[in-house]
Amino acid sequence: MDKITIGRMNNAPKIDRNIYGHFSEHLGHCIYEGIFVGSSSSIPNINGIRTDVVEAMKKIELPVLRWPGGCFADEYHWRDGIGADRKRMVNTNWGGVVEDNSFGTHEFMELCRQVGCEPYVNINVGSGTVREMAEWVEYMNSDGDSTTVRERWANGRKEPFNVRFWGIGNENWGGGGNMRPEYYSDVYRQYQTYCRAYGENVPYRIACGSDGEDLEWTDVMMRTAAKFMDGLSLHYYTITKTWEDKGSATDFDDKLYLQTLKKALRIDEQITKHGAIMDRYDPERRIAMIVDEWGCWHDVEPGTNPGFLFQQNTMRDAMVAALSLNIFNRHADRVRMANIAQVVNVLQSIILTEGEKMILTPTYHVFDLYRGHMDAELLNCNVECGCLENGIEKMSVSASRKEDTITVTIANFTDASAVRLDGISAQSVSGRILSGSPRTYNTFEKPDAVSPAIFEGAELFGDHARVNLPANSIVALTFTI
Ligand code: AHR
């Protein structure tokens, strides 16, 4: 029988709710159609923002949303997206489509208001200027009486928006300017100087981090700019095969399924390696690791615009979400925000839309199941279980405690498994489960092919519990102690 032992940690970190964050870019149908339809649309909306999508985001308590990119951020000029006369541009990164800038600063802030989440704004370092950035921060956050602030008033907003999270550049080692770390770290130091505090609002400055493999980037950034940053980002995408031939989102065999999981699990190693470098310069762990892009990147759905990155989302993706969130939880002493890419209609989305229809993906349901971990104290979790044929452990687990409630989340990758859970003397246990073959997914015709159900496979025995995990299942257990 497999065994999980739960226990309290010394100096246990809190699992920051922003680990359950999301990312929205002007890419494909993420913003336009997915989130923003305009106030004259027949699709129910408030101020142009889809009501169904907002309601779904609210249900999972979506805590933080990154915008406007991604690659798009490094070509975005924020003044094009305010006021009555919006400039048009071509979105050269993503499909060469016309961007009419009808969704801009005010619309993004309205989206965050409706969802009740924190905004995380990524500024343009690649093709912008320090002045452009400084004026955006002033426009958003200043309560003074300047020409820039008056522009905001003229656009209907008297109070400052008080945006806290600012990303200074995106993938500046690649699409964001092909910079070397020595150069970017100096540019970062310059930009962050003018990302000013206004009133009580002290900006939380996030520097662009590595692509996942490049440890040198992290070392240079920490050596030269650590004292100027609150967070350093990390991007890690799970690509089952190769960049050129990523593999289908829906058509894959069991071997490829396990390969996806193995690749996804490598994010643990990346966090550990980059974290070890950060520890050398920041042993107190003041600076957060911000995993602001992660998730599965498959081939686009056949027949869709390759520049739109639209992919289906199966139980395999849900497993990747479940194991990744378990990993982030376990690294809560360093990882304080993560943003799955991307929230609607792009890459590993939690929501898909088609005209007025909307469905929730299996990945959405994982975020729903895992809500108990938000802001909870991390618990130690020792797992003794067998391995699968490609050498990975057959399950992934994390546990946390909030007052008299313990949440344990288990992703059981393949066959059914009986587990003994030690270290919890509980009065009651309840659970929810998401299960199905790795290839199952929701469609607009069958939106509930994968949906959560009540789990009754856990039983209490005084000082321990027994859990019968069905095959291919993700289980969230709630113990009252
Ligand atoms: O999420 C899609 C793209 O992936 C982002 O724009 C970019 O930052 C990354 O390469």
Side-chain angles (χ1 to χ4, degrees), residues 21-32 34-35 64-77 89-97 99 103 108 120-128 165-179 184 188 206-214 217 231-240 242-244 246 249 263-264 267 270 289-301 304-313 317 320-321 324 337-352 361 363:
H22 291 261
F23 171 34
S24 58
E25 179 166 10
H26 288 238
L27 195 179
H29 292 306
C30 180
I31 298 290
Y32 300 110
I35 291 173
V64 63
L65 187 61
R66 179 175 180 237
W67 173 82
C71 292
F72 182 79
D74 274 303
E75 278 189 303
Y76 183 62
H77 300 287
M89 69 180 278
V90 171
N91 190 336
T92 45
N93 279 296
W94 305 119
V97 293
E99 163 64 58
F103 187 91
F108 174 64
Y120 166 15
V121 175
N122 210 113
I123 64 104
N124 179 348
V125 167
S127 68
F165 294 116
W166 293 90
I168 300 186
N170 172 72
E171 297 192 349
N172 301 92
W173 36 263
N178 286 307
M179 300 175 190
Y184 170 72
Y188 171 78
I206 300 166
C208 164
S210 164
D211 68 345
E213 303 293 334
D214 186 355
W217 183 280
L232 182 63
S233 73
L234 177 74
H235 288 181
Y236 183 81
Y237 284 101
T238 298
I239 296 170
T240 302
T242 61
W243 179 253
E244 294 72 28
K246 300 181 182 69
K263 293 246 183 127
I267 200 169
Q270 297 299 331
M289 191 183 290
I290 307 284
V291 189
D292 57 13
E293 288 187 32
W294 68 273
C296 288
W297 193 324
H298 306 301
D299 286 343
V300 298
E301 273 303 288
T304 63
N305 185 331
F308 283 11
L309 307 186
F310 177 79
Q311 63 190 42
Q312 248 299 352
N313 192 297
D317 296 276
V320 169
S324 303
M337 192 199 291
N339 310 72
I340 188 170
Q342 298 190 5
V343 69
V344 188
N345 292 335
V346 171
L347 298 177
Q348 192 175 344
S349 305
I350 57 166
I351 297 167
L352 301 179
T361 66
T363 299

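Just follow the structure's listing: the first ligand is 1, and inside any ligand the first atom is 1. Along the sequence shown, residues carry numbers from 1. Every value quoted in this text rests on a predicted model; they were computed, and no experiment measured them.
- Ligand 1 is approached by Trp297 to a heavy-atom distance shorter than 4.0 Å.
- Neither the backbone nor the side chain of Asn93 comes within contact range of ligand 1; no heavy atom lies under 4.0 Å.
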Criterion side chain to side chain contact (heavy atoms under 4.5 Å, CB included) on Asp74 and Asn93, from CA distance to verdict: CA-CA 10 Å; Asp74 274 303; Asn93 279 296; over 6 Å; no

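- Listed by chain and number, the residues in a ring pair (Phe, Tyr, Trp, His ring centres under 6.0 Å) with Tyr184 are Trp217 (sequence neighbours excluded).
- By the 3.5 Å distance cut-off applied to N or O atoms, Cys71 is counted among the residues near ligand 1.
- Of all the heavy atoms of Val346, none lies under 4.0 Å from any atom of ligand 1, so neither backbone nor side chain is involved.
- Nearest protein heavy-atom contact of atom 10 (O) of ligand 1 is Glu171 OE1, 2.7 Å.
- Under the side-chain contact (heavy atoms from CB on, under 4.5 Å) criterion, Phe310 pairs with Glu301, Thr304, Asn345, Leu352, not counting sequence neighbours.
- In terms of polar-atom proximity, Glu25 is counted as a contact of ligand 1, with an N or O under 3.5 Å from an N or O of the ligand.
- Taking every non-hydrogen atom of Asn170 and a distance limit under 4.0 Å, the qualifying atoms of ligand 1 come out as 8 (O).
- Contact check for His235 versus Asp211: no side-chain heavy atoms found under the 4.5 Å cut-off.
- Contact check for Tyr76 versus Asn122: no side-chain heavy atoms found under the 4.5 Å cut-off.
- Residue nearest to atom 8 (O) of ligand 1, selected from Glu293, Arg66, Gln348: Glu293 (by heavy-atom distance).
- Aromatic rings of Tyr237 and Trp243 (six-membered ring for Trp) have centroids beyond the 6.0 Å cut-off, not under it.
- Residue-level proximity to ligand 1 for Phe23 is carried by the side chain, the only part with a heavy atom below 4.0 angstrom.
- Note: Phe72 and His26 have parallel aromatic rings, judged against thresholds of 30 and 60 degrees for the angle between ring planes.
- Under 4.0 angstrom from ligand 1, there are no non-hydrogen atoms of Trp294.
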Trace of the side chain to side chain donor-acceptor pair (under 3.5 Å) decision for Asp292 with Tyr120: CA-CA 10 Å; Asp292 57 13; Tyr120 166 15; 2.6 Å; yes

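- Annotation for ligand 1: atoms under 4.0 Å from non-hydrogen atoms of Leu347 are 1 (O), 2 (C).
- Among all non-hydrogen protein atoms, the one lying nearest atom 1 (O) of ligand 1 is Tyr237 OH, 2.7 Å.
- Near Gln342, meaning under 4.0 Å from one of its heavy atoms, ligand 1 places the atoms 1 (O), 2 (C).
- Counting only heavy atoms from C-beta outward, the side chains of Glu293 and Asn170 approach each other to under 4.5 Å.
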